[in-house]
Amino acid sequence: MAKQERTAISPTREENYPNWYQQVIKAADLAENSEVRGCMVIKPWGYSIWENIQKNLDQMFKDTGHVNAYFPLFIPKSFFEKEAEHVEGFAKECAVVTHSRLEDDGKGGLKPAGALTEELIVRPTSETIIGASFSKWVSSYRDLPLLINQWANVVRWELRTRLFLRTTEFLWQEGHTVHASEEEARLETRKMLDVYTEFAEHYLALPVIRGEKTESERFPGALQTFCIEAMMQDRKALQSGTSHFLGTNFSKASDIKFQNKEGQLEYAWTTSWGVSTRLIGALIMAHSDDNGLVLPPRLAPAHLVIVPIYRDEEEKKGVMGFVELLESRLKKIRFEENKIISIIDDRDLTGGEKIWQWIKKGIPLRLEIGPRDVDSSSVFLGRRDLPARERKSVPVEEFLDKLPSILEEIQNNLFSKALDFRDKNSHEIDLKEDFYKFFTPLNVENPEIHGGFAYSHWCGDQLCEERIKEDLKVTIRCLPLDRPEEKGNCICCGKPSKQRVLFAKNY
């Protein structure tokens, strides 16, 4: 029997996917749990990925007419109580501030003092507090549309947490807009869904399915919620962005009114939309392998690492001179509109140790340069989208000339691989027996491994939706926007259905 190849990450994806995910984060030095239960410390390599997500998304928002602002972290409890469905939806997740300060307890410690006259909620989302400002900013149709985005942190009191995917505090952006008409607000909702789709596929190399949430899965207080759903390598779905049509629910709660062109006073139409550091979790689970993190070049903190290899001071002088000249030439090259970012790793470690550390960190390209490479004016090139041992010598001039296209190829390869994986694990299923079998774990010892995405008919009854959720822990991820209506029979009760919906286990 062939000897199994050793991997840098243990356990592997097939052996224990949740543990593999945690080990990839640790090996790549992305984040760690903090002393505050359920919260994380995002380390420099992980935060650099978030900064690149911010930078690119922020420009996409500005290109579509939005501007940034900032609103308070603390929200008066009474603000939440104005919108009944909203407060009900977030009540169990809210962290509450009840006192304004600490004082000496007389025993060498501290105790809360100065009870607040009204409790403050630590921001779980900002519709209500932003609505209070919007009600002052909007008075006429001339003030509309109002297109605002906020980059912030939020707190949701999670019981079960996992780095990047679900933490008590996380980073995100939340867009909030106000419009004069229902049609304009609906167009905004769909426009931002398309922005998220473009970002996920172009930057994250993550193929997504656009769709509308069922009533039970909507954002609390919204009339419609749209989402993008992606398949992870354990075949579960990860919601990777949402856009909400709020109608006039929040404008009525916050008294956002405007005088229309006819001089009449009416309530405005609002939307909200957001993505979070959960996108880093998506990136990890969609692309990484059993040797660690794999990063799409458009979001990688650095595009390549140069590892000088030498045995003595004489060799070092020649190698480092070559490396420094190469780095100066790299700075003049652009990958799309951005500078090539390179790292020279001249730490006092063996070349093998350094190479494997960078493989685990997911850097797209690795260059090993020793005396022989200097003599032949070449680089020894490894790509993160190829097996670790698949490296080759490339003349320097050829490498510099082809570098942007190599990075583009890696980006496209990651997208194609993820798309192929999703397509192979997505099926149309019409029989209830086949549906239940599809979502039954393939291996009792590893319950993470099951069928994948099922496109099946649903009658629209919430009872059927809940029954499937109870039986299989499978939910309707969305009503896909890109699939035509199709008559059939509900996978649960057999009643008539007009379209297939996307069923999956999810995070």
Side-chain angles (χ1 to χ4, degrees), residues 8 27-30 43-52 55-56 291-411 413-414:
D29 208 27
L30 296 178
K43 301 178 83 171
W45 193 249
Y47 196 77
S48 292
I49 298 170
W50 178 242
E51 285 180 314
N52 286 340
K55 179 182 72 174
N56 289 292
N291 284 327
L293 185 65
V294 177
L295 290 171
R298 290 193 182 108
L299 291 180
H303 299 106
L304 61 92
V305 61
I306 304 171
V307 179
I309 298 173
Y310 48 81
R311 290 169 294 187
D312 52 42
E313 285 301 313
E314 185 177 345
E315 286 187 352
K316 178 179 179 179
K317 184 178 179 181
V319 169
M320 292 308 295
F322 184 88
V323 166
E324 288 165 8
L325 178 61
L326 175 61
E327 188 188 36
S328 68
R329 297 185 67 185
L330 286 168
K331 290 178 179 178
K332 299 175 183 177
I333 301 174
R334 293 286 187 275
F335 173 47
E336 296 183 340
E337 297 179 0
N338 301 306
K339 291 181 179 179
I340 293 292
I341 299 174
S342 59
I343 296 171
I344 298 175
D345 188 350
D346 194 28
R347 293 175 295 162
D348 188 18
L349 296 170
T350 66
E353 284 181 279
K354 289 187 280 191
I355 288 297
W356 274 104
Q357 284 183 13
W358 288 108
I359 287 173
K360 288 186 282 189
K361 289 174 80 73
I363 200 161
L365 296 173
R366 311 178 304 277
L367 303 183
E368 299 171 62
I369 298 176
R372 289 184 181 179
D373 303 297
V374 174
D375 292 341
S376 62
S377 191
S378 61
V379 297
F380 202 51
L381 172 65
R383 291 171 43 156
R384 191 61 186 88
D385 64 327
L386 299 176
R389 301 191 186 283
E390 192 172 316
R391 299 169 293 168
K392 64 179 181 178
S393 181
V394 180
V396 167
E397 297 303 326
E398 179 184 336
F399 171 73
L400 293 173
D401 182 56
K402 293 184 177 179
L403 178 55
S405 61
I406 293 172
L407 293 171
E408 180 77 20
E409 186 178 313
I410 293 172
Q411 184 84 26
N413 283 351
L414 295 181

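- Side-chain atoms of E390 do not come within 3.5 Å of backbone N or O of P387 as any donor-acceptor pair.
- Listed here is the closest heavy atom pair of N291 and A388: ND2-CB, 4.3 Å.
- Residues V319 and I309 have side chains not in contact (no heavy-atom distance under 4.5 Å, counting atoms from C-beta outward).
- One finds the CD1 atom of I340 at 13.0 Å from the NZ atom of K331 (value rounded to the nearest 0.5 Å).
- The two residues S393 and F380 make their nearest non-hydrogen contact at N-CD1, 3.7 Å.
- Across all non-hydrogen atoms, the minimal contact from L295 to P301 is CD1-CD, 3.7 Å.
- Annotation for R334: atom CZ counts as buried by contact number, over 12 foreign heavy atoms lying within 6.0 Å.
- Side-chain atoms of N338 and K55, non-hydrogen and from C-beta on, do get closer than 4.5 Å to each other.
- With hydrogens and angles disregarded, a donor-acceptor distance shorter than 3.5 Å links the side chain of D373 to the backbone of G370.
- No salt bridge links K402 with E408; every basic N to acidic carboxylate O contact stays at or beyond 4.0 Å.
- Under a 3.5 Å cut-off, the side chain of E315 and the backbone N or O of R311 do form a donor-acceptor pair.
- The shortest distance between side-chain heavy atoms of F399 and V396 does not fall below 4.5 Å.
- Distance alone, capped at 3.5 Å, places no donor-acceptor pair between the R298 side chain and the F335 backbone.
- For K354, the side chain to side chain contact (heavy atoms under 4.5 Å, CB included) partners two or more places apart in sequence, or in a different chain, are V307, D345, R347, L349.
- Formation of a donor-acceptor pair under 3.5 Å by the D29 side chain with backbone atoms of K361 is not found in this model.
- Side-chain contact between I344 and M320 is present, with at least one heavy-atom pair separated by less than 4.5 Å.
- Counting non-hydrogen atoms of other residues, nucleotides and ligands closer than 6.0 Å to CD of E314 gives a total of 12 or fewer.
- Judged by distance alone, with hydrogens and angles left aside, the side-chain atoms of W358 form no donor-acceptor pair with the main-chain N or O of R366 at under 3.5 Å.
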